[in-house]
Asker: 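I have a structure here, written as structure tokens, and I will follow up with some questions on it.
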Amino acid sequence: MKQHLMTTTLSTPFIFYTTVPDIDTEAQKELQKAFFSFDHGDSAEADRAFRAALAAAPASSHLASNVGAWRIAQGNIPEGIRLLQAATEMNPSCAGAHYNVGTFFLNNRMFEEALSQLEKALQLDPEGVAIHNNYGVVLFHLKRFDEAQKSFETALELKKNCDIAAHNLGMIAFSRDTMELAIAYFQDALQSNAHNFSTLNALGCAYALHGNLVEALKAFRGALAINESFQMPYYNVGFIALHKDLLISNAEA
């Protein structure tokens with residue numbers, strides 16, 4: 001039954017450097033403008049300023065990584081990945097650039113390629129919470145669950161309130177059919193971020209497989225109350241409605 005319910009792991013987003021070493025005043029000024037514009041919803045000005053910062057300091061791998069991640073986020077994938085790869089080549093010790101390349105590969109389900117880049121990022125920044133999380137997600141999809149669990153646990157040790165890592169530990173338990181443990185991890189994640197609709201959906205699935213359909217439906221409703229366009233709970237509620245007797249009998253077996 002589990003394979004018919006829809007859940008997801010959670011990856012962390014691209015890293016953007018807000019401060020960059022060894023760049024001149026003009027580049028730093030444009031970088032500040034870029035983040036100010038982004039925070040105020042002016043994507044066109046943010047794009048101009050990110051590019052201007054890089055133009056003022058073209059040898060900066062950190063700025064190249066910023067522009068590459070930005071261009072991918074704006075939908076210009078060829079330019080974005082070219083800039084990210086250029087950043088890793090101009091400065092192989094730029095952990096954020098390797099992380100961003102790895103995250104791009106992860107988001108496009110190119111797991112072996114993602115693994116290589118995230119391993120490089122971890123070597124450079126062994127305390128990077130986002131790096132450990134996304135590395136764990138890659139390992140999860142490669143079904144290397146013990147290693148994935150260790151990576152998520154490390155992320156949670158480094159940042160106690162990292163709801164994404166707690167969610168992903170719940171997904172490990174869910175995949176291993178240990179639903180009580182999955183429920184505990186999902187609840188821990190929601191203690192840190194009560195508005196994470198993906199975690200509420202996953203919690204609903206774990207409750208359903210544990211035979212508690214009342215709590216399952218409550219969790220699905222909670223997810224939809226936060227994001228009514230989120231498709232997974234609709235599907236899961238429909239599946240449960242059609243198979244509720246089988247779910248209960250399996251949970252009691």
Side-chain angles (χ1 to χ4, degrees), residues 1-15 69 72 84 88 95-193 195-210 219 223 230 232-233 236:
M1 301 295 288
K2 177 181 66 181
Q3 68 271 22
H4 296 294
L5 293 173
M6 296 181 70
T7 58
T8 183
T9 52
L10 295 177
S11 60
T12 38
F14 290 129
I15 287 173
I72 289 174
L84 286 179
T88 66
H98 288 290
Y99 165 86
N100 285 342
V101 175
T103 298
F104 168 79
F105 285 139
L106 166 60
N107 292 341
N108 286 275
R109 304 188 65 81
M110 301 166 67
F111 299 126
E112 294 293 346
E113 293 87 345
L115 195 70
S116 173
Q117 290 293 327
L118 292 169
E119 283 173 345
K120 291 176 183 176
L122 274 178
Q123 290 168 5
L124 295 164
D125 183 9
E127 294 190 354
V129 174
I131 303 171
H132 278 288
N133 181 77
N134 283 9
Y135 185 58
V137 174
V138 172
L139 292 168
F140 177 93
H141 285 290
L142 293 173
K143 301 191 183 304
R144 293 162 57 176
F145 294 134
D146 289 343
E147 294 168 87
Q149 178 176 336
K150 183 178 179 181
S151 202
F152 296 140
E153 287 172 344
T154 301
L156 203 55
E157 288 168 7
L158 291 165
K159 185 180 179 183
K160 302 298 183 185
N161 64 342
C162 184
D163 66 295
I164 291 176
H167 171 103
N168 288 333
L169 282 167
M171 289 302 302
I172 294 282
F174 186 88
S175 297
R176 289 171 167 162
D177 295 317
T178 52
M179 294 305 157
E180 287 187 13
L181 183 58
I183 289 167
Y185 275 126
F186 293 140
Q187 288 175 332
D188 286 347
L190 289 166
Q191 286 292 317
S192 298
N193 181 4
H195 299 288
N196 193 323
F197 50 85
S198 292
T199 302
L200 282 164
N201 175 71
L203 177 63
C205 291
Y207 271 131
L209 291 169
H210 198 52
F230 185 40
M232 288 186 182
N236 290 330

Asker: Might you work through the side-chain contact (heavy atoms from CB on, under 4.5 Å) test for Phe152 and Cys162, ending with a clear yes or no?
Answerer: CA-CA 10 Å; Phe152 296 140; Cys162 184; over 6 Å; no
Asker: Just verifying a value: how many Å separate Thr9 OG1 and Ile164 CD1, rounded to the nearest 0.5 Å?
Answerer: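 Here the interatomic distance stands at 10.5 Å.
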Asker: Looking at His195, I want to see if its NE2 is surrounded by more than 12 non-hydrogen atoms of other residues, nucleotides or ligands under 6.0 Å.
Answerer: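 Atom NE2 in His195 is not crowded, with 12 or fewer foreign heavy atoms closer than 6.0 Å.
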Asker: Report the distance from atom NE2 of His132 to atom NZ of Lys150, rounding to the nearest 0.5 Å.
Answerer: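 Taking NE2 in His132 and NZ in Lys150, the distance rounds to 9.5 Å.
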Asker: Do Gln117 and Leu84 have side-chain heavy atoms sitting under 4.5 Å apart?
Answerer: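 With C-beta onward as the side chain, the pair stays apart.
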Asker: Tell me, please, which residues at least two apart from Phe14 pass ring pair (Phe, Tyr, Trp, His ring centres under 6.0 Å).
Answerer: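 Phe14 satisfies ring pair (Phe, Tyr, Trp, His ring centres under 6.0 Å) with no other residue.
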Asker: Using side-chain contact (heavy atoms from CB on, under 4.5 Å), reason through Phe105 and Leu118 one step at a time and then give a plain yes or no.
Answerer: CA-CA 10 Å; Phe105 285 139; Leu118 292 169; over 6 Å; no
Asker: Quick one, Asn134 with Thr12, criterion side chain to side chain donor-acceptor pair (under 3.5 Å). Give me CA distance, side-chain angles, the key distance, then yes/no.
Answerer: CA-CA 6 Å; Asn134 283 9; Thr12 38; 2.8 Å; yes
Asker: Around Glu127, counting heavy atoms of other residues, nucleotides and ligands shown, do more than 12 lie under 6.0 Å from its CD?
Answerer: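 At most 12 heavy atoms, drawn from other residues, nucleotides or ligands, come within 6.0 Å of this atom.
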Asker: Write out all pairs satisfying ring pair (Phe, Tyr, Trp, His ring centres under 6.0 Å) with one or both partners inside residues 106-131, taking only residues at least two apart or from two chains.
Answerer: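 Listed by first then second residue: Phe111-His141.
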Asker: Between the side chains of Asp146 and Arg176, is the shortest nitrogen-to-carboxylate-oxygen separation below 4.0 Å, so that they form an ion pair?
Answerer: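 So Arg176 pairs with Asp146 through a salt bridge.
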Asker: Roughly how far, to the nearest 0.5 Å, is the NE2 atom of His167 from the CG atom of Leu10?
Answerer: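 Spacing of CG (Leu10) from NE2 (His167) equals 3.5 Å.
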